[in-house]
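Keep in mind that what you see is a predicted model, and the values were worked out from it rather than measured.
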Amino acid sequence: MERTTCLIAGGGPAGIMLGLLLARAGVAVTVLEKHADFLRDFRGDTVHAATVQLLDELGLGNAFRALPQTRLQNFELPQPDGQTLLLVDFARLKPPYDYVAMIPQWDFLDFLVGAAKLEPSFSIRMNTQVTGLSFDGDRVSGARWRDRTGAEGEISADLVVACDGRHSIVRDAAEFVPRDFKVPLDTWWFRLPRYSDEMGDVATLTPRFGDRDLMLTFTRETFYQVAYFAEKGADARLHAEGIERFRQRIATMRPDFADRLDTLQSMDDLHMLDVRLNRLDTWHRPGLLCIGDAAHAMSPAGGVGINLAIQDAVAAAALLAAPLLAGNVTDADLAAIQKRRWMPTVLIQRMQRILHRLIFVPAFEGKRIGPPKLAVALLRILPAISGFTARFAAFGPRPEHAPDFARRPQSEPPPHKKTGAEAPV
């Protein structure tokens with residue numbers, strides 16, 4: 001049987017960041033990722049200021065900034081009179097952490113893996129999915145895996161960490177059942193082309209309200225990334241109405257997109273996200289820890305799920321490196337991670353539920369277009385609120401910092417090699 005010290009299921013942002021940090025402490029880490037690469041579209045593409053600051057602490061900030069990306073520096077709400085209201089103003093934050101980077105997640109993950117592979121104790125196996133857990137009495141002692149060729153095996157580990165997302169196989173194998181909160185929306189993602197005269201390196205985030213629906217548009221390097229929101233369970237109805245009716249919905253909210261909507265050939269060009277909001281009451285058992293979406297699935301409201309997962313990984317690495325090196329990870333060590341990350345998780349989920357009630361539900365019921373009048377009045381009277389909302393969005397509650405063992409001097413950015421960031425997926 002193969003053996004490692006820490007076995008990480010899932011090569012997303014939380015899993016790769018945790019592997020990188022633990023490997024810098026000298027812990028033997030193996031990451032199992034079920035896909036052959038990271039080229040999957042419409043995963044979260046935001047890198048928040050808290051993560052950019054973390055990369056600086058790891059000595060990777062300069063190299064990260066050399067990657068093709070756009071910068072989101074404000075968020076404006078459209079008003080019925082045609083004017084806009086500044087809701088989030090990152091310019092009020094102290095440079096160089098006064099923006100949110102928009103970068104394809106596959107580029108970001110490739111970048112982190114490249115840094116992790118410089119550590120001799122780090123290994124990652126692609127095309128390899130965790131299929132179940134191994135037990136020694138009540139303690140999780142490792143995991144079983146299967147690769148794309150059909151080969152199967154088992155790896156024993158002092159600790160298994162579930163970073164395999166909201167549909168976590170590891171969490172299910174441990175018989176953990178998350179507590180679900182009612183969610184009123186689902187999301188359909190798609191791309192539209194940008195023309196040459198629309199290009200720029202500053203990203204914008206533009207919401208639009210329609211008739212019982214709404215949409216959010218991100219400007220990206222060479223395209224617009226669009227999120228269409230409708231009430232939970234609307235997928236069958238939207239497919240029955242067809243792509244032409246869907247194009248009409250988008251054109252009503254964004255008439256300036258009418259000249260490019262023919263690039264949506266069918267409903268297959270839309271990527272539907274079944275939005276969930278849940279969390280585990282207990283994230284751990286002897287030999288096993290859940291973090292990120294495996295511990296707490298987040299709504300896209302506010303766009304903070306990735307940042308929260310990365311912060312989980314940093315806290316876990318800081319608290320687990322020494323016990324892992326000593327070969328003595330206790331349940332108390334795992335409980336300390338949940339205790340540290342519980343408040344940020346609960347606070348953000350509560351705020352997302354408030355956004356659901358105040359923004360999405362009234363919009364889907366046709367009762368209101370736009371934000372509540374009280375919120376609009378407060379922003380006009382106290383524009384400095386946009387700085388507070390910017391800090392919360394950019395850093396979140398209780399941002400984590402790189403542990404001393406993982407810090408390195410800032411390196412010079414290497415020559416950039418394109419990784420297919422602009423290729424269709």
Measure the shortest side-chain to side-chain distance between E365 and F360 over non-hydrogen atoms and say whether it is less than 4.5 angstrom. no
Apply side-chain contact (heavy atoms from CB on, under 4.5 Å) to residues I169 and T131 and explain how you reach the verdict. CA-CA 7 Å; I169 291 175; T131 57; 5.6 Å; no
Do you know which two heavy atoms are closest between F122 and V31, and how far apart they sit? CE1-CG2, 3.8 Å
Least distance between heavy atoms, A313 atom then A14 atom: CB-O, 3.4 Å
Pairing of D56 and R408 as salt bridge, 4.0 angstrom limit: no
Kindly indicate whether the side chain of D186, heavy atoms from C-beta on, has any atom under 4.5 Å from the side chain of L273. no
Is it possible for you to check whether R194 lies under 6.0 Å from the centre of the six-membered ring of Y224, through NZ or CZ, and within 45° of that ring's axis? yes
Taking the six-membered ring for Trp, are F108 and F64 parallel (under 30°), tilted (30 to 60°) or perpendicular (over 60°)? perpendicular
Looking at M272, I'd like to know if its CE atom is crowded, meaning that more than 12 non-hydrogen atoms belonging to other residues, nucleotides or ligands lie closer than 6.0 Å. yes
Modelled atom types, side-chain donor and acceptor of Q349 and H296, under 3.5 Å: no
Non-hydrogen side-chain atoms of R171 and L280 separated by less than 4.5 Å: yes
Step-by-step side-chain contact (heavy atoms from CB on, under 4.5 Å) determination, D293 to S168: CA-CA 8 Å; D293 277 2; S168 172; over 6 Å; no
For a quick test of reading the model, state the closest non-hydrogen atom pair linking R166 to D274 and the distance between them. NH1-O, 3.5 Å
Identify whether NZ of Lys or CZ of Arg in R191 sits under 6.0 Å from the centre of the six-membered ring of F223 and within 45° of that ring's axis. yes
Please work out which of the three classes, parallel, tilted or perpendicular, describes the rings of F395 and Y97, given edges at 30° and 60°. perpendicular
Against the six-membered ring of Y99, is R71 placed for a cation-pi contact (under 6.0 Å from the centre, within 45° of the normal)? yes
Any side-chain heavy-atom pair of M253 and Y228 under 4.5 Å: yes
Are V27 and S121 packed together at the side-chain level, in the sense that at least one heavy-atom pair is separated by less than 4.5 angstrom? no
Any side-chain heavy atom of H284 within less than 4.5 Å of one from L289? yes
Taking NZ, NE, NH1 and NH2 as the nitrogens, is one of them in E154 or R3 under 4.0 Å from a carboxylate oxygen of the other? no
Carboxylate-amine/guanidinium proximity below 4.0 Å for E175 and R285: no
Are K34 and M126 side-chain neighbours, meaning at least one heavy-atom pair lies under 4.5 Å? no
More than 12 heavy atoms of other residues, nucleotides or ligands under 6.0 Å from CZ of R146: is that the case? no
Is it the case that over 12 heavy atoms from other parts of the model lie below 6.0 angstrom from the CZ atom of R350? no
Aromatic ring centroids of F246 and F190 under 6.0 Å? yes
With ring centroids as reference points, do F364 and F229 lie under 6.0 angstrom apart? no
Backbone of E33 reached by a side-chain donor or acceptor of T128 within 3.5 Å: no
Does R391 make a cation-pi contact with F388 (under 6.0 Å, within 45 degrees of the axis)? no
Under 4.0 Å between a Lys/Arg side-chain N and an Asp/Glu carboxylate O for D213 and R249? yes
Between NE2 on residue H356 and OG on residue S299, distance to nearest 0.5 Å: 3.0 Å
Test T263 against L192 for side-chain contact (heavy atoms from CB on, under 4.5 Å), laying out the working first. CA-CA 7 Å; T263 59; L192 293 174; 3.6 Å; yes
Going through the checks in order, is the salt bridge (Lys or Arg N to Asp or Glu O under 4.0 Å) test met by D89 and R92? CA-CA 6 Å; D89 185 6; R92 291 180 177 269; 3.7 Å; yes
For D180, I'd like to know if atom CG has over 12 heavy atoms of other residues, nucleotides or ligands within 6.0 Å. yes
Using the rule given for side-chain contact (heavy atoms from CB on, under 4.5 Å), can you reason through L20 versus L60, listing the C-alpha separation, both sets of side-chain angles and the distance that settles it, and then say yes or no? CA-CA 12 Å; L20 166 62; L60 301 172; 4.1 Å; yes
Of all heavy-atom pairs linking L21 and A317, the shortest is CB-CB, 3.6 Å
Please report the closest heavy-atom contact between E119 and A23, naming both atoms and the distance. CB-CB, 3.7 Å
Close side-chain approach of L216 to V226, heavy-atom, < 4.5 Å: no
